[in-house]
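Position 1 is the first residue of the sequence, and the numbers go up from there.
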Amino acid sequence: MPHSRSFQPTIMATASELDKIRCNPINERLATFRRRFESTRSELAVPSSSDGVQIVFSTAATADVKNLVLDLIQALQIEPAARILPSRIAERTLSGDLGLLYSRVDANQLDIAPAIPLVEQIVRNEPDAPTWNDADIWHAVFELVARTNPITPPTTFEKAVFDTPLRSSSASQRGIEQTHDEVDQRILEELTGRVYYDVGGFYERYFERKSWTNNARDIYEEARAQYIEGRWSGWPEPSIQGPFFEWFMKFQHTVLSGLRRRYYTSANKVLRGSEADRKLDIFLTPADAALPDDEHDWSNVLVIGEHKQNPDEDRSAKTLVQLAGYAREVFGSQPERRFVPGFTICGSVMRLWVFDRSGPYNSEKFDIHKEPERFVKVLAGYTIMSDAELGLNTFIKRDGNGKYIVTRGVRISLEDKPIASTKAIVCRGTTCYRGRRSDSTEWEYVVKFAWPSDKRQREGELLKLAKERGVTGIAVWFNHEQITIDGDPDTISHFRRDMKFGTPRKLSSKASWVDGSPESSRAYSKTSHRGRSGSGATHLMGLGIGASSATTSSSGQKRKRDERLDRGSRLKRSKSNGSHASGTNVRIKESELDAIGAHSIQETVVDSLADCRNQWQRKNVDSIQEAGADSLTDCESETYGNRVHYCLVTSPAGRSLHEYQSVRELLEALRDAIRGHRSLLEDGKILHRDISENNIIITEVPAKEAPKGRLIDLDLAKELDSMPSGARHRTGTMQFMAIEVLEGKGHTYRHDLESFFYVLVWMCIRYGYEGTGRQKPSKVVRPKTNILRGWYTGIYTEIARNKVGDMGKKRFENIIVEFAPKFENLKPLARELRSTLFPIRDGDIFTGTFHDHDIMYDGMIMAFNTAIGRLGKEEQSIA
């Protein structure tokens with residue numbers, strides 16, 4: 001680990017500090033740490049002497065020493081005194097200092113030797129006795145914080161919220177970008193470390209001891225006449241597609257006729273409602289769901305199935321990705337869907353699947369000829385099980401007037417189509433509808449369904465907290481509740497109860513989409529509060545698929561090695577000032593990770609502030625806030641990430657941002673959403689962290705002086721200075737992610753403001769063709785030449801590199817030249833916002849964070865106000 005830099009010794013405690021220490025004694029609360037230290041000392045046979053701590057630190061395993069220090073920091077952070085003692089290096093408490101220190105030690109960014117004096121002060125006390133030297137201990141804490149936070153340069157680590165690692169999802173692929181190759185790559189990334197094969201008890205969990213189990217058994221008894229001499233009658237050998245489908249449909253007609261659901265095949269015909277033009281081999285729908293000309297729609301699909309002629313393809317990546325692509329389409333067209341059942345039939349080998357919001361898992365395979373009863377009971381079971389058992393959301397009721405929910409005794413009718421939804425598998429599955437009371441004609445609510453991690457603070461709780469703290473410009477809480485289905489909690493852990501999960505399949509290092517950072521994003525540490533490693537190595541848990549299958553597209557053709565994985569073209573990154581330059585300041589090192597062979601990226605720390613600075617730097621460096629490294633906390637204490645299904649109702653209602661009715665309305669909505677973000681940060685002490693096109697609404701008929709745009713979706717929001725939630729991962733919309741977030745730095749308010757800017761640019765290029773006589777670019781420009789494609793395709797470091805280049809003055813002009821006709825007059829606004837967010841420093845754009853919030857907030861709001869004023873003058877001149 002790198003050694004800490006020079007520091008100035010701390011002063012002894014002030015009278016005020018001593019008073020706080022006396023009023024909040026430590027007592028026995030450090031006894032656990034002292035006992036653990038004594039145990040380590042005894043195991044090493046280190047004598048109890050004045051230099052005992054130094055000997056333990058020098059002889060114990062690095063991981064053991066690191067764990068001791070982390071445990072100590074965590075214990076001190078929750079001490080009452082730490083929560084009220086003010087920091088000596090920033091505007092926060094000492095508890096905040098300790099939280100940041102924990103993150104840096106955990107990420108192997110600091111030498112832990114400076115902690116020796118603090119440990120020596122603590123172990124001077126008997127293990128189970130109250131401490132008698134509290135003032136000395138807290139002085140040592142202040143000393144440690146000062147030693148690990150150099151005063152030169154005087155930057156702060158203050159508001160970088162501890163982040164859970166980012167995970168890629170397929171949600172960024174939309175519209176024409178949903179080619180099979182692009183989507184399939186994202187699906188693989190999305191499912192990395194989340195696919196479980198041969199789950200014990202799967203069949204028993206979903207098909208035994210049900211109200212309909214006896215009915216399924218009766219169907220099998222009637223079907224036995226079709227089973228002759230150990231095989232199903234008429235089974236084609238080999239089971240090539242055409243003859244197999246013919247056999248399957250004939251089998252259904254004979255065995256499963258007259259039921260309320262029916263299987264269909266559509267291997268040669270695209271189902272309606274798919275932007276990716278996917279065909280589906282076998283699927284189950286309501287029997288009356290067929291459309292004219294035998295067409296089918298993804299919105300009616302209940303169970304998905306994939307057929308392969310070769311039984312060896314049962315565990316292939318191609319089979320997995322194809323079935324996952326079907327599940328993604330179902331979730332996209334049925335956004336309230338809780339989970340999606342499925343199956344594969346490869347030769348005569350059948351395997352059952354479930355796709356939920358934490359990923360897919362499957363049963364042990366079985367041969368349909370050797371286990372005929374299981375085969376029939378599965379096919380029959382899907383046709384007769386309840387809607388809830390098929391993964392439909394029965395919390396949402398339906399009648400002749402449409403969809404509705406009942407919450408707090410109020411019936412709220414839902415609009416037919418959501419105003420926002422996510423098309424991906426492993427994600428929060430956020431879906432928002434406009435709602436109104438049954439006796440009203442005005443939309444007054446936003447009703448949101450989502451699947452956040454059970455470790456995250458509930459969005460409803462954050463909204464209530466924001467309301468209590470006087471935050472303005474965001475959604476107003478009405479009610480939130482955890483959803484129950486048939487009296488049971490709707491959670492991933494409840495879905496997966498009574499089953500035995502092993503380890504997820506691992507990803508081949510030869511897969512074409514693997515970058516130097518795991519999951520094609522960035523390295524993340526496997527450390528956690530329960531099991532920490534001192535090696536600093538990153539780990540990749542993924543799909544255990546061979547290169548031959550992982551590099552094969554859905555058409556069966558070999559994919560070429562992605563040329564963008566050129567490891568010699570990384571960004572030059574200065575950790576101390578947030579500026580970028582061309583050149584090579586990143587050291588790429590190859591090492592084996594869990595015998596996978598993925599690459600790790602190590603970044604050289606350069607103290608570029610040690611050189612002479614220009615006048616701009618000398619005037620502003622004191623106000624630069626450094627974004628800390630992502631804490632990258634992974635949760636090893638569970639086999640899979642548990643998510644909780646909940647419903648949140650807020651007001652007022654609104655429209656999606658792309659449903660703007662005028663350019664002025666769009667700008668006012670964005671400006672007021674930024675104001676709301678500022679209030680959330682400064683008044684609520686909460687950082688949003690997920691600014692995107694879907695998380696800003698245009699307020700319907702706002703009252704005078706009320707915000708015309710509001711922020712919604714606080715699922716990923718965090719209170720400032722809070723510790724990592726413990727959630728395994730968080731996802732974001734790549735095209736709106738800030739550069740430093742893509743690079744793995746901790747999240748600050750600046751990164752959300754940068755995301756607001758990307759939302760504006762996105763809107764100006766993707767929309768604004770209505771009534772102009774010109775087509776949208778997606779109709780006339782191929783995806784490979786789309787100017788913004790580099791913002792959401794490829795690896796995270798590559799996307800960051802693309803954005804750095806695009807934010808330069810020259811290339812930015814190439815971006816805004818693509819503005820739609822309706823937004824031509826917003827180019828000056830875009831330039832002004834770019835200058836505010838990316839000032840030039842050392843000849844390069846600056847991507848860091850100012851300690852003074854006003855610099856960027858005021859600059860952006862003023863730019864919007866100026867643009868809105870210009871629009872008003874233009875409207876007057878036209879009139």
Side-chain angles (χ1 to χ4, degrees), residues 20-85 93-107 110 112-145 148 162 455 527-534 631 633-638 721-726:
K20 290 180 173 64
I21 291 170
R22 280 193 295 268
C23 293
N24 297 273
I26 296 173
N27 292 325
E28 298 90 4
R29 285 189 292 270
L30 294 180
T32 300
F33 169 78
R34 291 199 291 265
R35 285 193 296 270
R36 182 173 179 189
F37 177 86
E38 286 300 313
S39 175
T40 303
R41 184 186 62 78
S42 298
E43 290 174 2
L44 296 172
V46 175
S48 180
S49 60
S50 60
D51 59 352
V53 174
Q54 295 189 40
I55 297 174
V56 169
F57 269 53
S58 62
T59 58
T62 303
D64 292 339
V65 176
K66 176 183 173 182
N67 289 343
L68 277 172
V69 173
L70 288 172
D71 287 343
L72 176 56
I73 295 172
Q74 200 168 43
L76 288 167
Q77 189 187 9
I78 62 175
E79 279 292 316
R83 296 180 177 181
I84 61 173
L85 283 169
T93 64
L94 183 57
S95 178
D97 289 342
L98 289 167
L100 295 166
L101 180 62
Y102 182 102
S103 175
R104 297 174 73 184
V105 171
D106 196 29
L110 295 174
I112 53 181
I116 291 176
L118 172 59
V119 176
E120 288 176 337
Q121 287 292 343
I122 292 171
V123 300
R124 290 173 65 188
N125 296 268
E126 292 298 323
D128 296 309
T131 60
W132 52 267
N133 60 337
D134 286 19
D136 293 333
I137 290 174
W138 289 117
H139 175 72
V141 172
F142 280 120
E143 196 85 12
L144 176 60
V145 169
T148 54
F162 294 118
K455 295 174 178 56
T527 59
S528 71
H529 298 303
R530 189 183 68 86
R532 293 182 289 262
S533 169
S631 65
T633 301
D634 194 14
C635 181
E636 294 186 7
S637 60
E638 58 186 359
D721 294 333
S722 62
M723 289 296 291
S725 65

Could you state the interatomic distance from [atom1] ([X]) to [atom2] ([Y]), rounded to the nearest 0.5 Å?
X	Y	atom1	atom2	value
Ile73	Leu101	CD1	CG	4.0 Å
Phe142	Asp97	CZ	CG	8.0 Å
Thr40	Phe57	OG1	CZ	10.0 Å
Leu76	Trp138	CG	CH2	5.0 Å
Thr148	Ile112	OG1	CD1	12.5 Å
Tyr102	Gln77	OH	CD	9.0 Å

Quick one: does [X]'s side chain get under 4.5 Å of [Y]'s, heavy atoms only?
X	Y	value
Arg83	Ile78	yes
Phe33	Val69	no
Asp134	Arg22	no
Leu118	Leu72	yes
Val46	Val53	no
Phe37	Ile122	no
Arg29	Pro80	yes

Using a 3.5 Å distance criterion without hydrogens, assess whether the side chain of [X] forms a donor-acceptor pair with backbone atoms of [Y].
X	Y	value
Asn24	Ile21	no
Asp64	Ala60	no
Ser103	Leu100	no
Thr93	Ile84	no

Query raised in the report: Between Ile26 and Glu79, what is the shortest heavy-atom contact and its length?
Result: CA-OE1, 3.6 Å

Requested in this report: Locate the shortest heavy-atom distance separating Asn125 from Arg34; write the atom from each residue and the value.
Outcome: O-CD, 3.6 Å

**Report entry** Residue list, side chain to side chain contact (heavy atoms under 4.5 Å, CB included) with Arg124, at least two apart or on another chain
**Finding:**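 In terms of side chain to side chain contact (heavy atoms under 4.5 Å, CB included), with neighbours along the sequence ignored, Arg124 is linked to Gln121, Trp132, Asn133, Asp136.
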
**Report entry** Lys/Arg N to Asp/Glu carboxylate O, Glu38 vs Arg41, below 4.0 Å
**Finding:** yes

